[in-house]
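Everything below concerns the one structure shown next.
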Amino acid sequence: MKKIIQSVKGTRDFYPEQMAIRIWLYNTMREVAESFGYQEYEAPILETLELYAAKSGEELVKDQSYAFTDRGGTEITLRPELTPSLARMIAQKQKELNFPVRWWSFGPMWRYERPQKGRTREFFQWNVDMLGVATPEADAENAAVLATFFQRVGLSPQQVLILVNNRRLIDDRYDAFDISAEQRPAVSSWIDRREKMSPEAWMAYGKEIGLSPEQITNLKEMLADKDLWKQSVDLMRFFAVIDVLGLREYFAFDASIMRGLLYYTGTVFEAWEVGGEIRRSILGGGRYDNLTRDVGGEPIPGTGFAMGDVVITLILEKYGLLPKDLNINPAPVFVTVFDEERMLESFRLASELRRAGLNVICYPEAVKLQKQFKYADRIGAKVTLVLGPDEVEKGQVAVKSLISGEQVSVAREALVAQIRKIIG
RNA sequence: GUGCCUGUAGCUCAACGGCAGAGCGCUUCCCUGUGGAGGAAGAUGUUGUGGGUUCGAAACCCAUCAGGCACCCCA
């Protein structure tokens, strides 16, 4: 084979088979989001680097962004996440929007990272956000969209769990343990890493970042305390709503959930596969009350989550929950061409059927019928039509069902009805 | 950005440093007006790419590209 120009590293081609899955995912997300009254929006894929400088986290901006200078000298980046764009859009119209706004989006993001299982450089992300209200009830209702999505696709609480924490709750603990403001990012990162390190290495690392033995003991006790959330009014109210929505099984408190993004201010959450075979969070979200201010607007509180298409697809695949009956052939009706002489008659017939509201393919070359039938079978057509000398003479069309194999000849006037009978 | 593993026909994979193969798929025919099942015959290829070692490289070495796994980070 000739050398074919390579695609860009970390990108995926969506052939019709994969596109069908993406569209299915998109439709499911849309239905769930709309059932909670969320409206769809979209932001540009290109944004100024400045937009992310404030709060997205140093690594995301410095090392993982697709950044370049455009012809006008502006520093541009392919969006690595959507929330800052959303904050910008909200801030721009802060005087005219009817708060709270509920918005959702599904589009491509870019991060310059090393691709591996569950991670690509271009990925699609479902973003669901509510802005304008700072209540824990808003957090809970927003997170409920997510749990409802899990329900809808058939993922059970035994398979996926949404782990919830609250940054203010943890900050109170940090205060109590005399952990300084400067130390806190390192401590959060230390907690985040607990599952990935041996207990000994983890303890040693704790000392390394300057924690006293007493502080380490306190923090370990904090992480072990399953009822810690009851000390947080926010989380009490959050779980109360989740309870009445009948979604409690999907949620669990976990004091080790920290979230890397700097802009989170309150309740935060991540979803994980329970078995833990796919060691990667499925999504992340939480409350961010300062983001519109950080992009130059009035402070408008917000809460939301983002889910990438790559990991959720892996999870759905693992549990056999991807739809298997996705028919990627949109045209169930196939018109064969008998020979050169009758080719135009076939095209005319196909056109008539399309005007009658059917999706129709006509073979564009006068080759052997055997080849045309084989092709029709392969692409998943349901019914095949033949316009041969016999049929034309009688004013009929031969109609063969590729499902049952039965074939009948019917008058042109009865054709559409006959086809509809077969394709259902 | 770091470490490790992998790359052979369209696909899944074999081949001790010594003639590049199998299964599936594909093409043609059995069947001059009909798909799926069956039978027969046929074609698969710059062994990811570029160098090197060797009488001889798919295999060994170096570089590079791509994929995977673990870090880092995160959707």
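Letters A, B, ... mirror the listed sequences (proteins, then strands); counts begin at 1.
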Base, sugar-phosphate, or nothing: which does Arg342(A) touch, judged by heavy atoms less than 4.0 Å apart?
nothing
No-H, no-angle donor-acceptor pair, Glu391(A) side chain to G33(B) base, under 3.5 Å | yes
_What contact category does Gly10(A) fall into here, base, sugar-phosphate, or nothing, at under 4.0 angstrom with non-hydrogen atoms?_
sugar-phosphate
| said: Is it the case that over 12 heavy atoms from other parts of the model lie below 6.0 angstrom from the OH atom of Tyr112(A)? | reply: no
| message | Ring of Phe14(A), cation from Arg22(A) - is the NZ or CZ under 6.0 Å from the centre and inside 45° of the axis? | response | yes
Touch class at under 4.0 angstrom, heavy-atom based, for Thr11(A) against every strand present: nothing
Gln116(A) CD to C5(B) C1', in whole Å, measures 14 Å
Requested in this report: Look at all strands and tell whether Ile403(A) reaches a base, only sugar-phosphate, or nothing, counting heavy atoms closer than 4.0 Å.
Outcome: base
- Which part of the nucleic acid does Asp390(A) contact within heavy-atom distance under 4.0 Å: base, sugar-phosphate only, or nothing? base
As its Watson-Crick or G-U partner within any shown strand, both distances under 3.5 Å, G35(B) has none
*Does Arg152(A) pair with Glu34(A) as a salt bridge, N-O distance under 4.0 Å?*
no
- Message: Categorize Ala306(A) for me: base, sugar-phosphate, or nothing, with a 4.0 angstrom heavy-atom threshold over every strand shown.
- Response: sugar-phosphate
Quick note, Ala398(A) side chain, CB onward, closest among A66(B), A75(B), U34(B) is U34(B)
From the candidates C73(B), A70(B), U34(B), the one with an atom nearest any side-chain atom of Phe373(A) is U34(B)
Nearest-angstrom distance, P atom, A41(B) to G23(B):
12 Å
It should be established whether Lys117(A) places a side-chain nitrogen or oxygen under 4.0 Å from OP1 or OP2 of nucleotide G68(B). no
Of A66(B), C72(B), U34(B), the nucleotide closest to the side chain of Leu369(A) is U34(B)
Paired to U53(B) by Watson-Crick or G-U wobble criteria (both distances under 3.5 Å) is none
Requested in this report: Record whether the side chain of Gln407(A) comes under 3.5 Å of the base of U34(B) through a donor-acceptor pair of N or O atoms.
Outcome: yes
Just call it for Thr120(A): base, sugar-phosphate, or nothing, with non-hydrogen atoms closer than 4.0 Å on any strand. base
If the C1' atom of U6(B) is compared with that of A58(B), how far apart are they to the nearest Å? 14 Å
Out of G67(B), G35(B), G33(B), minimum distance to the side chain of Asp377(A) belongs to G35(B)
Practice prompt. Would you mind classifying the nucleic acid contact of Val386(A) as base, sugar-phosphate or nothing, using non-hydrogen atoms under 4.0 angstrom?
Written response: base
Re A70(B): Watson-Crick or G-U wobble partner, both distances kept under 3.5 Å, found to be U2(B)
Regarding the side chain of Ser189(A), the nearest nucleotide among A66(B), C71(B), C73(B) is C73(B)
message = In whole Å, measure the gap between the P atoms of G39(B) and C61(B) for me.
response = 45 Å
G17(B) -> Watson-Crick or G-U wobble partner, both distances under 3.5 Å, gives none
Tested for ring-ring contact (aromatic ring centres under 6.0 Å, His included) against Trp103(A), the lone hit among Tyr38(A), Tyr41(A), Phe36(A) is Tyr41(A)
Testing G33(B), A75(B), C73(B) for proximity to the side chain of Ser281(A), the answer is A75(B)
Is there a donor on the side chain of Glu270(A) or the base of A75(B) sitting less than 3.5 Å from an acceptor on the other?
no
**OP:** Name the nucleic acid region contacted by Pro389(A), choosing base, sugar-phosphate or nothing; use a 4.0 angstrom heavy-atom cut-off, strictly under.
**Re:** base
Taking for Val311(A) and for Val8(A) the nucleotide of RNA chain B with the nearest heavy atom, the one nearer the 5' end belongs to Val8(A)
Walking RNA chain B from its 5' end, the first of Lys371(A) and Ala381(A) to be reached, judged by nearest nucleotide, is Lys371(A)
Check: Hey, do the aromatic rings of Phe305(A) and Trp126(A) have their centres closer than 6.0 Å?
Finding: yes
- Using the P atom in both, what is the distance from U2(B) to C13(B), to the nearest Å? 29 Å
Can you tell me, in whole Å, how much space there is between the C1' of C5(B) and that of G21(B)? 25 Å
Remember a base hit wins even if backbone is also touched, and classify Ile312(A) as base, sugar-phosphate or nothing at under 4.0 Å, heavy atoms. nothing
- Task: For nucleotides A14(B) and A75(B), find the distance between their P atoms and express it as a whole number of Å.
- Result: 38 Å
Next item on the list: Looking at every strand, decide which applies to Leu283(A) at a 4.0 Å heavy-atom threshold: base, sugar-phosphate, or nothing.
Entry: sugar-phosphate
Of Phe123(A), Phe124(A), Phe149(A), the one forming a ring-ring contact (aromatic ring centres under 6.0 Å, His included) with Phe106(A) is Phe124(A)
Mate of U46(B) across any strand shown (Watson-Crick or G-U wobble, both atom pairs under 3.5 Å) is none
Classify the nucleic acid contact of Tyr375(A) as base, sugar-phosphate or nothing, counting any heavy atom under 4.0 Å across all strands shown.
nothing
CG (Asp234(A)) and CG (Asn165(A)) are apart, to the nearest 0.5 Å, by 11.5 Å
Among A75(B), A70(B), G35(B), the one nearest any side-chain atom of Gln125(A) is A75(B)
Winner on side-chain proximity to Arg119(A), out of A70(B), A75(B), A66(B), is A75(B)
Note to self: Between A22(B) and U54(B), how far apart are the two P atoms, rounded to whole Å?
What the structure shows: 34 Å
* Take atom CD of Glu75(A) as the centre, draw a 6.0 Å sphere, and report whether it contains more than 12 heavy atoms from other residues, nucleotides or ligands. => no
*According to the 5.5 Å centroid and 30° plane-angle thresholds, does Phe123(A) stack upon the nucleobase of A75(B)?*
yes
Exercise for review: Kindly assign one of parallel, tilted or perpendicular to the pair Phe251(A) and Phe239(A), based on the angle between their ring planes and the thresholds 30° and 60°.
Suggested key: perpendicular
>> Please tell me if Arg114(A) has a side-chain N or O lying less than 4.0 Å from either OP1 or OP2 of A70(B).
In response: no
Checking N1-N3 plus N6-O4 or O6-N4 for Watson-Crick, or N1-O2 and O6-N3 for wobble, each under 3.5 Å, the partner of C24(B) is G10(B)
Item to check | N/O (side chain, Gln370(A)) to phosphate O (OP1/OP2, G35(B)) under 4.0 Å | outcome: yes
OP1, OP2 of A66(B) versus side-chain N and O of Lys9(A): anything below 4.0 Å? yes
Quick note, Lys368(A) side chain, CB onward, closest among C29(B), C73(B), G35(B) is C29(B)
(request) State whether the distance check finds a donor on one side and an acceptor on the other, under 3.5 Å, for side chain Arg111(A) versus base A75(B). (result) yes
Fill in: Side-chain N,O (Arg378(A)) to OP1/OP2 (C26(B)) below 4.0 Å
yes
